[in-house]
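Small disclaimer: the values here were computed from a predicted structure and weren't measured.
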Amino acid sequence: MNPLAVAGHSWLIFSLFACIAEGSLQMPSFQPGILYQYRYSLDAQLGYVPRVSLQGSWMKAEALVHVQLLWRSQAGEQLLQVQIQNLKFSHEPEHEKNQNATGGPFTETTLGKENTAELQLPVFLHWNNGKVEGIYGDREEKPLILDLKRGLISLLQFQPHAGRITEEDISGSCKVVYTVSKDSVVKTKDLQECTRPRFGFTSVNKIFGVQLQPISRSLYLMKGSVIQSVLSEESHVVSLTLRSSTGIMITSRQQLELMSSSMPGLAEIHGQSLQEALDSLLEKHQPISLVSQPFKRMCTQCSSLKDYLKTVGNRRVRMDISKVSTTWQFHRLIQMLHSAKKRDVLQLLRKASEKTVPFFIDAAVAAQSTASLVALSEFLDFSNKKQEPLVEKFLYAAAFSPRPSKELLRLLLDKLNGKQLTPAIWKTGIIVTGSLVGKLCRMKLCGLQEVELGMETVLRRLSETEEESEMVTYLLSLKNALLPETIPILLNYAEEGSAAVSGTAVSALQRFSTQHITGEVKKAMRRIFHEKMRKYEKTCRLTAAEILLDNEPLPMDITNILLATRELETEMATFLLSKIQSSLHSPHHPARKAMKELLKDPWINNYSYLSKAGISSSFSGPLTVTKDVLFPFTLDLLFTEVGLLRKSVSDFLVLSHGHQLQAAQVTFEAKGLDSVLGENTNEEEEQELMAGMSAIVFDVQLRPVVFFQGYTDLMAKVLLSSGEPTNVIKGNVLLMDHQQAIPLQSGLQAVVELQGGLGIDISANIDVNIWEQESKTEIRTRGGLAIDFQAELDAPFFQASLRRQTEVETALNFATALRFSGSPMLMCLQLNEEQLPYREIFTISETSVNRSITVRKGRRGMLAGRDFALHTANSEMCKILLAEETEQ
């Protein structure tokens, strides 16, 4: 019978017993001189969620279990000898399932003499009224065989009265609820709250992790003080946080049934204490932990870096970062680097061609082995200008690490300390330091010496410097760190700093979650927006208003912002009103309810307040909505009073199960362009001509890029421009890195692993044509995503693996076009996604003593491309502009 079907019937039994009135039972015990013989069965299954054509891997074991009382105390303590006899193991290979649909016999597996002998060695149980106080045996036994015995012993742990208790068994220290009836006990274990030995790792951002849904219930039937039967079932559904339909189910079932209690057993040992009883045994037995000690199966067929090096020089490299084939190479190289020696990693970096070195640096940082980091330290010279592109590649690879280590931060701090660095490397290094410090703190490692040193270095240098550009760099580092204790520092620079410093500090405050936007923060934002103490740059004021509107806004703040629009410049007022209108149409915006209430007041909701003639706008809407993910997109466009682009912000968020990720935010900013056209305003006269770009990718603030600064630089860029886009980021990023052990109560161990890599290529271009009086911006994003999700199930004589590999190639284009030569000015925004090819591969591998098989199946498809409709007015202007371009 299908184990899942059995599980369904068992839950019905459990629910019936749970409805019976609570009671109490006799204290469980065994009698001396009697051999209690039980039939023991165990079965387990690995399967895909949802089900696919490959049904999964099934295994089962059957044995006799002999339980005998050796010693007892007057207080109810007992020393039991538990021994497994005649174990038979079988499994159903995947390729035979279709032929065996009616549930015929499984394939029996040979255990081997050594395994059989170890399995039959007895284990001694210190049992106290149903509680396992300790177990004793041979510590030198194979870990997996010892775990099978732990699983059997854990089955004997229960209490005969209702209540909640914390117990320790093979699963760890877990909270347990007991429901007791006349002759039965139902035991429900909360596997989510179990404390167990530390093992594995996970990504800092939980959005790139997994969701675990475990269930564990056991039913005990008693007759007097003797256990008649036990049925225990456990299941774990492990799925991707971003996509719950990509998952694996692990089920385990144990059954113990009393067959006989009439045969004579061993004589009772007479002793005053448990220790005396143990000392009287012929073999000296050692105490053994009841909790399973997790471990990772060694890969015997994985390629080594040493072998890879033999062929790397002969390979013809065709490496397109945005192709998924390159991302799979990235995965394989990380696996090789995990176990590689330093000299091999160093040789790889030195032998690599100029085109492949960045790829190998990405992989070495992602692997984060000690050997890889030491090799990188020797290979990279931060003060060598020729290596500047490689050093910057290393820095950004470190910033994107899904779970950085203290060794990685130590390497970075050592390289930045006392070196003669180029300005670009120094700025990038300081900004990346903040990212590493922030991630390590979110990993609850804020107390590390390296973290404290990194934060102290940034804060000390920030307080010492008087250079505006250096202040901005240190503030961007704090923007990456996002430590709540730095909020007072950011507030000080937001209110007291120059235009650039104040704007950077306020943008850093905007990234904090609502719980950290306290009353003090809101007071400061009010002073900035309403210019209570001094004048502020318009973009800084607008960001302060957004912080007030986006974080549990008070009706007073909404009202005052609306009233202030009457006094603001046309484009600022238009932008704010557009932002408020956009919030009203967003069902999840925190200010939506308060705004709707305020707009019931006709004194505010009227043409005079809500109608402005500017062209600035704010638009937000969902790009993708599934049951797991909300993917909203926001576009903010702020123009000068003469119609030139002042600032544009394209923001892509990912929201999933209470977690948030800023997937990408690209900001274009231009100042002083009005003066080039002879249109001077009071504000623009004070600003130097410049245009630049700032980007946040996967929650990491990158070093801002300046396109031109000053009139001379602008003319040089216009005359010498190649028309090539500016690279924002290009490389391979390890987004998902998760490893988790799941000790099953049956004694089997499952290990779940998730690795998700992304090859990403983001480029941006801004083209301002002064003569034609038009401007264009374009952001092109290309990516190849590869996800490797697998679960392993290990027994002493059988191993099974389930693997699900998913690959996707995607391309997203965002373009803006503005023509300000006529009246009214025309603006067109275009966002489109190209067709999206994807493929999934399902693999099942099973290995036993006498056979090994692998079955693989796959499926592929193509999702059609699409254009995203932004808003009606934009669509109308795009028709006009595109029609004119076609005519030309």
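- A donor-acceptor pair is defined here as one N or O able to donate and one able to accept, closer than 3.5 Å; such a pair exists between the side chain of Arg150 and the backbone of Ser289.
- A donor-acceptor pair shorter than 3.5 Å cannot be found between the side chains of Gln68 and His66.
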List, one per line, each side-chain donor-acceptor pair under 3.5 Å for residues 261-268, sequence neighbours excluded.
from, atom 1, to, atom 2, distance (Å)
Ser262, OG, Ser260, OG, 3.3
Glu268, OE2, Arg72, NE, 3.1

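- No more than 12 heavy-atom neighbours from other residues, nucleotides or ligands sit within 6.0 angstrom of CD on Gln272.
- Counting only distance, with no hydrogens or angles, the side chain of Ser656 and the backbone of Thr241 share a donor-acceptor pair below 3.5 Å.
- Judged by distance alone, the side chains of His338 and Ser369 never bring a donor and an acceptor atom under 3.5 Å apart.
- Listed for the Gln755 side chain is no donor-acceptor partner under 3.5 Å among the backbone atoms of Gln335.
- Judged by distance alone, the side chain of Lys149 and the main-chain N or O of Leu121 form a donor-acceptor pair under 3.5 Å.
- Separating the CG atom in Leu445 from the OG atom in Ser405 is a distance of 10.0 Å, to the nearest 0.5 Å.
- Side-chain contact between Val67 and Ile227 is absent, with no heavy atoms from C-beta onward closer than 4.5 Å.
- Side chain of Gln192 to backbone of Leu212: a donor-acceptor contact under 3.5 angstrom is found.
- Partners of Ser154 according to the side-chain contact (heavy atoms from CB on, under 4.5 Å) rule, which considers only residues two or more places apart in sequence or in another chain, are Asp169, Ile170, Leu290, Gln745.
- Annotation: ring-ring contact (aromatic ring centres under 6.0 Å, His included) contacts involving residues 199-250, sequence neighbours excluded, comprise Phe158-Tyr220.
- In the model, Lys189 has a side-chain atom that pairs as donor or acceptor with a side-chain atom of Ser171 under 3.5 Å.
- One distance of note links CD of Glu407 with OG1 of Thr370; it measures 6.0 Å at 0.5 Å rounding.
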